Amino acid sequence: MNVDPCVMVIFGASGDLTHRKLVPALYEMFCRGMLPASGCVLGVSRTPKTDEQWREELLPWVREHAHGFEPGSWSEFSRRLHYHAADATRPESFPALSDRIRSLDADHHGGGNILFFLSVAPSLYQPIVECVQGSGLVTEGRRWCSLDPEQRSWQRIVVEKPFGRDDRSAAELNRVLGRAFEEESIYRIDHYLGKELVQGILAFRFGNTIFEPVWNHVYVDHVQITAAEPMGVEDRVAFYDETGAIRDMIQSHLFQILAFVAMEPPTLYTAEHVRAEKIKLIDALRTPEDDQIDRYCALGQYGPAPDGAPGYADLPDVSDGSTTETFAALALFIDNWRWTGTPFFLRSGKRMPRKVTEVVIQFKPPAANLFRELPEFKAGRRLMPNRIVMEIAPRESIRVRFECKEPGLEFQLDTIEMDSDFQREFKSEVVESYGPLLIEAMRGDQTLFKHRLEVEGAWRAVMPFLDDRSRGLRSGIQGNYPPDSWGPASSDELLARYASEWNNESVPKEGSQ
Ligand code: BG6
């Protein structure tokens, strides 16, 4: 599929996401020759500025956040960045904005294709989409592409998370989007799907023979999916206090990882087939009974640090008595033939000891230990169950743990781990995950974007942990885990209730001790 040229219209041009992620990602794609030869970006926000001022504003962000900054390529790329000041929530802004888009389309040979990106506060999604709908910019293939007489031009919209704040608001947002765009033109982005090793889960499972036969409840004891971050939420309180770890990380990113780890094999690697399997998987998640919520969930909030750093509750702008969770761990069960009885643990937290995003597939121990008479086992050692760890960040690696005979005259066992480090194996460079996803959107491939039903299903699955049913759990969460720890004691209890313990081991980087 070709990457079509387009005018990419970013609503929220002065925002953090545009600065930190979107423009650095587009620049990286430009440097790697992935962007189409023509087309441009139009940033839209309310503050008046010129194209040149916007480019100057972006430069330090790109320098800091893009891998491999180089002034020559920046000056070439930045000629494709333009700015338009407008309040995009007001219909009266759209005649001028539409004229600007059309004139840039002509100057940059965009072919009539427009990629809208909503990088604004979620409360603005609906008014902006309604204005876009009323503007006549969305022709849904009724106009021919000026660059290719065989093709019709397209208009697509990329929608950033949070996609709603509960099941109802997500369904409502889907209805609003659906009135303006066909489902094929709506790209619900989740930047975790742009991460190498998240996509790598599918390659690992379905590109090999030896893993899939044991990828089920008969062999897998439990699965852990962790996204831990050392930083707190200092500069994002306004957003975070309304959001919390379940909405911010679990319902979105961790559910996408869960779906890739647990779904059935799709018939083909296409958007239609992959997304159908994800929808089925999310649909099979068990809803805990109302009076059992605390058996399936642990919530926490970080307290003050010994060095005097404030706890979450003491941050300026956090509401009094806030019960927003900065840590959440859920135990989920999937009621289908493959996974019945195997718990999946999802956890995410701020102010954890280190950055780590990983999946741990913990297998059951061998049915019997025929080495039980060896001294080490008589002394109490047990066979270590096999384990596959897929580390998504900070390293990209897949590790497989197994028992082996330790070389020597004695028959003794030891546990070792095979470690495939993707940077080492492929000499690949890390790229900002938004870049590949934006290219996919320009290509018209929705495989790595979420379908309406996935999003609504994921909300339904987490609602018991968010609504009134979780009140009891929230009553005691203030300051209940120290910064730089792995969360509240209830998180360890949750895992111990169904399985064993969290994998908190860190693997030293190569060359370090
Ligand atoms: C974002 C969340 O979606 O993902 C942030 O809003 C979080 O709170 C971030 O820090 C984590 O992304 P990554 O790519 O650094 O793991």
Side-chain angles (χ1 to χ4, degrees), residues 12 15-22 24-25 28 61 64-67 117-122 125 158-165 170 187-201 225-258 260 299-302 312 315 317-318 324-328 346-359 390-397 422 429-438 448-450 455 458-459 462 466 483 487 506:
D16 197 54
L17 181 71
T18 305
H19 288 156
R20 231 181 257 275
K21 302 277 188 186
L22 298 184
E28 283 181 2
W61 294 98
E64 188 182 339
H65 294 280
H67 301 98
F117 196 116
L118 289 180
S119 174
V120 290
Y125 288 1
V158 184
V159 189
E160 185 46 60
K161 73 176 249 296
F163 198 94
R165 53 174 291 107
Y187 288 69
R188 296 173 193 83
I189 197 166
D190 186 309
H191 79 276
Y192 268 48
L193 292 178
K195 290 183 189 280
E196 273 302 336
L197 247 274
V198 175
Q199 297 172 33
I201 296 169
I225 302 176
T226 295
E229 295 175 282
M231 68 211 187
V233 284
E234 289 71 7
D235 54 349
R236 296 174 74 216
V237 168
F239 160 77
Y240 200 88
D241 206 37
E242 293 281 300
T243 308
I246 295 179
R247 288 191 171 91
D248 187 36
M249 294 293 290
I250 293 189
Q251 184 275 346
S252 50
H253 307 320
L254 268 56
F255 262 61
Q256 288 301 307
I257 300 178
L258 167 70
F260 275 7
L299 300 178
Q301 200 181 77
Y302 64 83
Y312 178 79
L315 293 174
D317 300 331
V318 167
T324 301
E325 76 285 0
T326 60
F327 174 95
L346 274 54
R347 76 173 160 167
S348 182
K350 303 281 184 194
R351 293 297 264 128
M352 305 268 101
R354 62 191 169 88
K355 168 88 185 169
V356 61
T357 313
E358 69 175 19
V359 179
M390 298 172 176
E391 183 177 336
I392 295 159
R395 239 171 30 120
E396 290 171 345
S397 75
F422 280 60
E429 286 172 20
V430 176
V431 292
E432 171 49 58
S433 45
Y434 277 89
L437 292 176
L438 292 173
L448 297 175
F449 293 85
K450 299 193 267 198
V455 174
W459 277 119
V462 297
L466 289 172
S506 85

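What you are looking at is a predicted structure, and each value in this text was computed from that prediction instead of being measured. For ligands, and for the atoms within them, numbers begin at 1 and follow the listed sequence. In what follows, every heavy atom counts, from backbone to side chain, and hydrogens, waters and symmetry copies are set aside.
Under a 4.0 Å criterion applied to the non-hydrogen atoms of Lys355, ligand 1 contributes the atoms 13 (P), 15 (O), 16 (O). Listed by number with element, the atoms of ligand 1 under 4.0 Å from a non-hydrogen atom of Lys161 are 1 (C), 2 (C), 3 (O), 6 (O). Applying the 4.0 Å criterion to heavy atoms of Met231 picks out, from ligand 1, the atoms 10 (O). Atoms of ligand 1 lying under 4.0 Å from at least one heavy atom of Lys350, given by number and element, are 5 (C), 7 (C), 8 (O), 10 (O).
With no hydrogens or angles considered, no side-chain donor-acceptor pair links His65 and Glu432 at under 3.5 Å. Between the side chains of Tyr434 and Glu28, no donor-acceptor pair is found at a separation under 3.5 Å.
For atom 7 (C) of ligand 1, the nearest non-hydrogen atom from the set Glu229, Glu432, His253, Lys195 comes from Glu229. Counting heavy atoms only, Asp248 comes closest to atom 2 (C) of ligand 1 of the residues Asp190, Leu17, Asp248.
Summary of contacts: the protein heavy atom closest to atom 12 (O) of ligand 1 is His191 NE2, 3.2 Å. The nearest heavy-atom contact from the protein to atom 5 (C) of ligand 1 is Arg236 NH1, 3.4 Å.
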Before you tell me yes or no, could you show the steps for Asp241 and Leu315 under side-chain contact (heavy atoms from CB on, under 4.5 Å), namely the whole-Å CA-CA distance, both residues' side-chain angles and the distance that decides it to 0.1 Å? CA-CA 10 Å; Asp241 206 37; Leu315 293 174; over 6 Å; no
Given salt bridge (Lys or Arg N to Asp or Glu O under 4.0 Å), test Lys161 with Asp248 step by step and report yes or no. CA-CA 8 Å; Lys161 73 176 249 296; Asp248 187 36; 3.1 Å; yes
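Between His191 and His253, the two ring planes are perpendicular [angle over 60°; tilted spans 30° to 60°]. Aromatic ring orientation, His19 versus Trp61: parallel (interplanar angle below 30°, classes split at 30° and 60°).
A donor-acceptor pair is defined here as one N or O able to donate and one able to accept, closer than 3.5 Å; such a pair exists between the side chain of Tyr240 and the backbone of Ala245.
For Tyr192, the heavy-atom gap to ligand 1 drops under 4.0 angstrom.
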